[in-house]
Enquirer: 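I'd like to ask you about the structure that follows.
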Amino acid sequence: MNSLGEAFAAAWKLIAGFDAELAQVVGLSLQVSLSAVVIATLIGLPLGAMIAVERFPGRQTLIVLLNALMGLPPVVVGLVVYLLLSRAGPLGSLGILFTPTAMVIAQAVLITPIIAALSRQIIEDAWREYDEQLRSLGAQRLNAAMTLIWDTRFSLLTIVLAGFGRAAAEVGAVMIVGGNIDGVTRVMTTAIALETSKGDLPLALGLGIVLVTLVIVLNALAAIIREMALRRYG
Amino acid sequence: MRMLGSAALGLALLGLLPGPAAWAQKKFITVASTTSTEQSGLFKHLLPIFEKKTGIQVRVVALGTGQALDMGRRGDADVVFVHDKVAEEKFVADGFGVQRFEVMYNDFLLVGPKADPAKIAGGKNIIEAYQKIAAASAPFASRGDKSGTHAAELRLWKISGVDPRTGKGGWYRETGSGMGPTLNTASAMNAYAFTDRGTWLSFKNRGDLVIVVEGDRQLFNQYGVMLVNPAKHPHVKKEPGQAFVDWVISAEGQKAIADYKIGADQLFFPNAGR
């Protein structure tokens with residue numbers, strides 16, 4: 001039972017050898033998941049903030065719905081996006097099925113609810129705390145929302161990282177809408193699934209170790225940025 | 001000023017966004033094919049030769065034959081390259097494919113644990129082997145995914161007169177996944193499994209599995225290729241798609257298929273136009 005040892009050896013070989021093909025797969029993983037997280041943040045964060053500070057009919061229902069959507073199964077998202085983008089589907093004429101763009105869309109759909117629901121909670125908690133203070137300053141709701149986003153930015157950063165983690169780790173959606181095409185839409189997770197299918201478990205696990213390492217490095221970078229910002233702005 | 005840091009971070013993130021230039025398309029076609037051709041490494045050998053000659057990039061989406069044909073039916077592929085003659089002929093008859101060409105063949109195998117609980121090792125008769133497996137209620141891992149291999153497996157069960165569904169939940173286990181994952185499952189629970197030779201030869205996690213039945217005429221596995229009908233789906237890339245079909249059945253393409261080996265084993269045997 002030395003397959004774990006083999007896996008680490010395989011991972012080390014992959015990293016040390018700096019395989020061009022691997023670099024391309026890793027690069028695409030990062031491109032796709034970072035793009036998805038940027039899009040999801042641009043939509044999810046304002047949406048979460050809006051729901052946090054506004055009062056309107058159906059708000060509770062919307063919150064429940066948003067919270068539930070955090071558990072969207074990637075395969076279902078993949079299937080829906082596939083059916084939309086398929087030539088036989090309503091957006092088929094765009095011709096973007098089996099491209100990285102389709103993968104970005106699927107992942108953005110998957111993580112927008114996570115970012116919206118969690119930022120709603122955080123901003124609403126902060127809103128309760130500062131409600132009177134902000135009101136006494138005569139702040140409009142929009143201004144209040146902006147102030148609260150800024151005040152809770154470090155907590156929100158963690159949410160964005162959670163969204164990125166979910167995007168980078170999922171395989172179900174990108175497999176369906178990307179098609180795992182060699183050199184075009186193959187990312188880390190689909191490559192791992194492929195190697196598992198071929199029964200090359202050490203290589204699959206090796207790739208897994210590379211992926212996890214990558215996510216750790218990105219999170220460390222975020223922690224450093226946060227630390228620097230804290231020191232500078234208190 | 002305080003916004004400056006986050007603005008810079010945002011820009012840095014945006015810089016990572018792939019621009020349209022990075023995804024600029026060269027001429028390419030999309031081929032819906034089977035997991036057996038992809039996972040055996042055939043395409044990795046074949047496609048660079050074709051691309052070098054024609055400048056056409058071939059993007060392969062590997063699925064089970066049923067799904068691959070469905071992709072063609074929806075117009076999401078330009079060419080379909082699969083192995084289920086009955087389903088392929090229906091695909092063409094229904095007007096989704098232009099014309100079906102035979103490309104190559106290999107064969108199916110029955111693999112199973114060394115311990116061989118059904119006592120069928122070394123046999124040449126797949127039907128008899130199936131009957132013995134059912135009689136012994138020995139574990140059998142089936143694809144269960146409507147792939148070409150699954151269809152072939154079920155046709156043989158039908159001939160054997162055994163309905164494997166009677167063993168469902170017991171000895172007959174449908175994995176509902178590709179050939180590789182099914183072999184992984186069979187290897188983990190020492191079950192028999194019906195597989196194509198290409199995937200088997202390139203499969204690494206064999207554990208105790210060995211070939212138990214091979215060489216029966218009924219284990220013949222024919223692959224076919226066809227252009228998706230542009231009359232049904234006008235966006236189908238007719239010329240480059242047809243160029244690919246023509247190439248794989250040409251003398252040059254056929255030789256490239258014959259040249260693909262793992263170790264000393266040839267995986268696919270070209271037989272276009274025969």
Side-chain angles (χ1 to χ4, degrees), chain A residues 3 27-28 30-39 41-42 82-83 85-89 92-93 95-101 104 149-150 153 156-157 160 164 175-176 178-186 193-204 221-222 225-226 228-229 232-233, chain B residues 1-3 5-6 8-10 12-20 22-23 25 28 30-32 35 38-41 43-44 47 57-63 70-71 73-77 177-184 187 199-200 202-207 209 228 232-236:
Chain A
S3 40
L28 186 64
L30 285 177
Q31 277 186 351
V32 167
S33 296
L34 286 174
S35 305
V37 91
V38 168
I39 293 168
T41 305
L42 290 178
Y82 174 85
L83 291 174
L85 297 182
S86 165
R87 289 289 182 177
S93 55
I96 55 171
L97 189 65
F98 305 131
T99 65
T101 311
V104 171
I149 287 178
W150 180 249
R153 63 192 180 280
L156 295 176
L157 178 64
V160 172
F164 173 76
M175 183 68 99
I176 296 175
N180 192 23
I181 299 169
D182 194 8
V184 182
T185 57
R186 183 160 299 163
L194 178 65
E195 291 309 327
T196 307
S197 297
K198 286 159 127 176
D200 198 340
L201 306 189
L203 181 56
L221 278 178
I225 292 172
R226 177 192 168 136
M228 280 179 3
R232 190 181 280 181
Y233 307 119
Chain B
M1 287 313 278
R2 300 204 309 173
M3 293 296 279
S6 27
L9 177 67
L13 280 174
L14 282 172
L16 282 160
L17 284 177
W23 291 349
Q25 318 293 356
F28 72 90
T30 305
V31 175
T35 49
E38 164 91 351
Q39 288 172 14
S40 63
F43 279 131
K44 233 179 170 136
L47 301 183
Q57 185 194 31
V58 180
R59 299 184 173 179
V60 177
V61 179
L63 304 158
D70 199 46
M71 213 178 117
R73 247 174 242 124
R74 300 183 64 87
D76 292 326
S177 52
M179 196 66 254
T182 303
L183 285 172
N184 275 332
S187 156
T199 307
W200 172 252
S202 59
F203 186 73
K204 295 202 170 93
N205 183 35
R206 292 182 186 176
L209 296 182
V228 175
K232 282 253 185 201
H233 294 290
H235 58 267
V236 164

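Excluded from the calculations below are hydrogen atoms, water molecules and symmetry mates; all remaining heavy atoms, backbone and side chain alike, are included. Naming: A, B, ... by sequence-line order, numbering from 1 per chain. Values in this document were obtained by computation on a predicted structure and should not be read as measured data.
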Enquirer: Among the options A:D182, A:T41, A:T185, pick out the one with the most heavy-atom pairs lying under 4.5 Å from chain B.
Expert: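 Result: the option with the highest number of such pairs is A:D182.
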
Enquirer: Quick one: closest heavy-atom pair of B:R74 and A:S86, and the distance?
Expert: NE-OG, 2.9 Å

Enquirer: Below 4.5 Å from any heavy atom of chain A, which atoms of B:S177 appear? Answer side chain, backbone, both or neither.
Expert: neither

Enquirer: Report which part of A:L83 has an atom under 4.5 Å of a heavy atom belonging to chain B: side chain, backbone, both, or neither.
Expert: both

Enquirer: Please classify the contact of B:N184 with chain A as side chain, backbone, both or neither, using a heavy-atom distance under 4.5 Å.
Expert: side chain

Enquirer: Give, for atom CD of A:E195 and atom CG of B:N205, the distance between the pair rounded to the nearest 0.5 Å.
Expert: 12.5 Å

Enquirer: Return the CZ to CE distance between A:F98 and B:M71, rounded to the nearest 0.5 Å.
Expert: 3.5 Å

Enquirer: For the OG1 atom of A:T99 and the CZ atom of B:F28, what is their distance to the nearest 0.5 Å?
Expert: 8.5 Å

Enquirer: In Å, rounded to the nearest 0.5 Å, how long is the span from NZ of A:K198 to CE of B:M179?
Expert: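 Taking NZ in A:K198 and CE in B:M179, the distance rounds to 15.5 Å.
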
Enquirer: Could you pull out all residues at least two apart from A:R87 that satisfy salt bridge (charged side-chain N to carboxylate O under 4.0 Å, His left out)?
Expert: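 Not a single residue meets the salt bridge (charged side-chain N to carboxylate O under 4.0 Å, His left out) criterion with A:R87.
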
Enquirer: Name all residues meeting the salt bridge (charged side-chain N to carboxylate O under 4.0 Å, His left out) criterion together with B:K232; count only those two or more places apart in sequence or in a different chain, and write none if there are none.
Expert: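 Checked B:K232 against salt bridge (charged side-chain N to carboxylate O under 4.0 Å, His left out); zero matches.
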
Enquirer: Please determine whether side chain to side chain contact (heavy atoms under 4.5 Å, CB included) holds for the pair A:L203 and B:K204, giving the CA-CA distance in whole Å, both sets of side-chain angles, and the decisive distance to 0.1 Å.
Expert: CA-CA 11 Å; A:L203 181 56; B:K204 295 202 170 93; over 6 Å; no

